[in-house]
Protein chains: 2
Amino acid sequence: MEQDALDRAFMALADPVRRAMVARLSRGDATVNELAEPFAITKQAVSKHIQVLEHAGLVTRSRDAQRRPVHLDAAALERLTAWIDQYRLLAESRFRQLDELLGASQNAAASHPEQENPEQENTAKKKEELR
Amino acid sequence: MEQDALDRAFMALADPVRRAMVARLSRGDATVNELAEPFAITKQAVSKHIQVLEHAGLVTRSRDAQRRPVHLDAAALERLTAWIDQYRLLAESRFRQLDELLGASQNAAASHPEQENPEQENTAKKKEELR
DNA sequence: GTCTTAATCAACCAAACGGTTGATCAACCG
DNA sequence: CGGTTGATCAACCGTTTGGTTGATTAAGAC
């Protein structure tokens with residue numbers, strides 16, 4: 001996924017109205033009027049929100065006479081979680097490695113009692129040093 | 001997760017500079033100067049970006065003399081994927097249910113040959129009707 | 001003390017965002 | 001045909017965003 005697409009996708013989800021639309025669309029396709037119904041804004045504003053979602057690749061639109069049903073693209077959502085998880089898992093695994101490593105050094109600290117602050121403070125400090 | 005927090009979190013990720021910072025931080029904590037290094041913008045601008053990430057709850061900051069190391073909060077990232085997946089999975093499961101349902105109705109269509117367009121068009125149309 | 005380093009605060013600016021009103025297009029209905 | 005419905009286009013407006021420059025705070029280093 002390119003930077004620009006990620007920009008637009010995350011930006012699209014950064015608005016509560018558009019997130020509510022995504023929530024609604026997860027239960028099935030909907031028209032502009034149906035999507036507008038829960039909100040106290042003009043239909044033009046709703047139309048713009050949908051265009052933002054569409055330009056972000058999160059939804060697609062078809063034609064049904066004068067209606068323009070909106071369809072949520074689950075694959076696009078999956079690409080977003082994939083981006084986040086990539087770094088979340090990296091950070092988590094690094095954290096787990098440190099926990100193991102500190103489990104070992106805790107024993108070492110017990111055998112070197114010259115430390116004046118031998119509790120969890122120690123753990124936090126070691127984690128910072130290891131960046 | 002509250003609406004406001006989601007607003008700020010998704011907004012924070014909607015900028016390529018801040019996403020690059022998240023990527024960098026997934027490999028370990030970093031200072032403002034370290035985070036600024038890859039970018040051709042002033043350190044003040046970088047500082048603002050970090051504040052955006054911090055206010056969004058995606059990173060935390062500690063003190064080390066005059067340095068202010070930034071730490072990525074993996075749990076916050078997890079809350080974001082949880083929000084997305086909630087609706088992604090709903091949409092996907094609905095899609096799967098339709099596929100099963102259409103497997104059955106395809107047989108029915110074969111026994112009612114008055115249909116003038118009995119191929120995949122049929123599938124798309126039935127999926128739309130079922131919203 | 002003075003000097004350097006790390007980072008922030010403050011004021012400003014152009015561009016983008018979310019919203020409005022008013023006009024227009026496109027397809028069905030009678 | 002004219003009228004209604006669904007939706008968009010166009011112009012405008014206040015606020016926010018991402019960036020700048022310049023001044024300031026805070027902690028070491030000499």
Side-chain angles (χ1 to χ4, degrees), chain A residues 3-22 24-25 28-71 125 128-129 131, chain B residues 3-22 24-25 28-71 125 128-129 131:
Chain A
Q3 287 285 56
D4 237 40
L6 285 171
D7 283 19
R8 287 192 283 263
F10 281 122
M11 188 63 167
L13 294 183
D15 185 287
V17 170
R18 289 191 294 259
R19 279 200 308 280
M21 288 176 173
V22 168
R24 164 66 185 81
L25 290 169
D29 298 359
T31 65
V32 174
N33 276 326
E34 287 168 342
L35 287 172
E37 198 260 316
F39 304 108
I41 57 177
T42 63
K43 203 170 50 172
Q44 288 93 321
V46 171
S47 216
K48 281 192 186 179
H49 279 302
I50 295 172
Q51 284 178 49
V52 170
L53 287 168
E54 187 180 19
H55 195 222
L58 297 181
V59 306
T60 57
R61 319 190 65 176
S62 43
R63 266 253 147 196
D64 173 23
Q66 68 267 59
R67 280 170 207 79
R68 306 286 314 277
V70 184
H71 171 80
K125 199 162 265 175
E128 294 234 347
E129 284 165 5
R131 54 181 157 82
Chain B
Q3 287 284 57
D4 237 40
L6 284 172
D7 283 20
R8 287 193 282 264
F10 281 123
M11 188 63 168
L13 294 182
D15 184 287
V17 171
R18 288 191 294 261
R19 280 201 308 281
M21 288 177 173
V22 168
R24 165 64 185 82
L25 290 169
D29 299 359
T31 65
V32 175
N33 275 326
E34 287 168 342
L35 287 172
E37 197 261 316
F39 304 108
I41 57 177
T42 63
K43 204 170 49 173
Q44 287 95 320
V46 171
S47 216
K48 281 192 187 179
H49 279 302
I50 295 172
Q51 285 177 48
V52 170
L53 288 168
E54 187 180 20
H55 195 222
L58 297 181
V59 306
T60 57
R61 320 188 65 176
S62 44
R63 265 254 145 193
D64 172 23
Q66 68 267 59
R67 281 171 206 79
R68 305 287 314 277
V70 183
H71 171 80
K125 200 162 263 174
E128 294 232 349
E129 284 165 5
R131 55 183 155 84

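Heavy-atom basis, side chains included; hydrogens, waters and symmetry copies ignored.
- For the pair B:Arg8 CZ and D:dT17 C1', the interatomic distance rounds to 15 Å; values are reported in whole Å.
- Side-chain proximity of B:Val17 to the nucleotides C:dA27, C:dA6, D:dG19 is greatest for D:dG19.
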Taking only distance into account, with no hydrogens and no angle test, what donor-acceptor pairs under 3.5 Å do side-chain atoms of residues 8-16 of chain B form with protein atoms, sequence neighbours excluded?
| from | atom 1 | to | atom 2 | distance (Å) |
| --- | --- | --- | --- | --- |
| B:Arg8 | NE | B:His55 | O | 3.4 |
| B:Arg8 | NH1 | B:Asp4 | OD2 | 3.1 |
| B:Asp15 | OD1 | B:Val17 | N | 2.8 |
| B:Asp15 | OD1 | B:Arg18 | N | 3.4 |

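- In this structure, B:Asn33 does not reach the C:dT5 phosphate: none of its side-chain N or O atoms is under 4.0 Å from OP1 or OP2.
- Look at A:His49 and you'll find a side-chain N or O under 4.0 angstrom from OP1 or OP2 of C:dG19.
- Between atom CG of residue A:Asn33 and atom CZ of residue A:Arg67 there is a gap of 9.0 Å, rounded to the nearest 0.5 Å.
- The CG atom of A:Leu53 sits 7.5 Å away from atom CG of A:Leu25, with the distance rounded to the nearest 0.5 Å.
- Residues passing the side-chain contact (heavy atoms from CB on, under 4.5 Å) test with A:His71, sequence neighbours excluded: A:Asp29, A:Thr60.
- Heavy-atom neighbours of B:Glu37 CD from other residues, nucleotides or ligands within 6.0 Å: at or below the threshold of 12.
- One atom, CG of B:Leu13, and another, P of D:dG18, lie 12 Å apart when rounded to the nearest Å.
- When the P atom of D:dT17 is taken as reference, atom CG of A:Asp7 falls 15 Å away, rounded to whole Å.
- In this view, B:Val32 and B:Lys43, B:Val46, B:Ile50, B:Arg61 satisfy the side-chain contact (heavy atoms from CB on, under 4.5 Å) rule, not counting sequence neighbours.
- You'll find that the side chain of B:Ala45 is closest to D:dG19, out of D:dG19, D:dG6, C:dT20.
- Each of A:Met11 and A:Ile41 was assigned the nucleotide of DNA chain C with the nearest heavy atom; the assignment lying further toward the 5' end belongs to A:Met11.
- Nearest nucleotide to the A:Thr31 side chain, out of C:dA7, D:dT20, D:dA7: D:dA7.
- Here C:dG30 sits opposite D:dC1 as a Watson-Crick or G-U wobble pair (both hydrogen-bonding atom distances under 3.5 Å).
- Between A:Arg63 atom CZ and D:dA7 atom P the separation is 9 Å, expressed in whole Å.
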Enumerate all atom pairs, one protein N or O and one N or O from nucleotides 28-30 of chain D, separated by less than 3.5 Å.
none

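- For B:Arg68, there are no salt bridge (Lys or Arg N to Asp or Glu O under 4.0 Å) partners two or more places apart in sequence or in a different chain.
- When the P atom of D:dA27 is taken as reference, atom CZ of B:Arg67 falls 13 Å away, rounded to whole Å.
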- Just do the side-chain contact (heavy atoms from CB on, under 4.5 Å) check on B:Glu34 and B:Val70 with the steps written out, would you? CA-CA 10 Å; B:Glu34 287 168 342; B:Val70 183; over 6 Å; no
Are any protein N/O atoms closer than 3.5 Å to N/O atoms in nucleotides 8-11 of chain C? If there are, list each pair with its distance.
| from | atom 1 | to | atom 2 | distance (Å) |
| --- | --- | --- | --- | --- |
| C:dT8 | OP1 | B:Arg61 | NH1 | 2.5 |
| C:dT8 | OP1 | B:Arg61 | NH2 | 2.9 |
| C:dT8 | OP2 | B:Ser47 | OG | 2.0 |

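- For B:Arg19 (side chain) and B:Met21 (main-chain N/O), no donor-acceptor pair under 3.5 Å exists by modelled atom type.
- Rounded to whole Å, atom P of D:dG18 lies 14 Å from atom NE2 of B:His55.
- The distance between atom CZ of A:Arg18 and atom C1' of C:dG19, rounded to the nearest whole Å, is 12 Å.
- As a whole-Å value, the separation of A:Asp15 CG from D:dT15 P is 18 Å.
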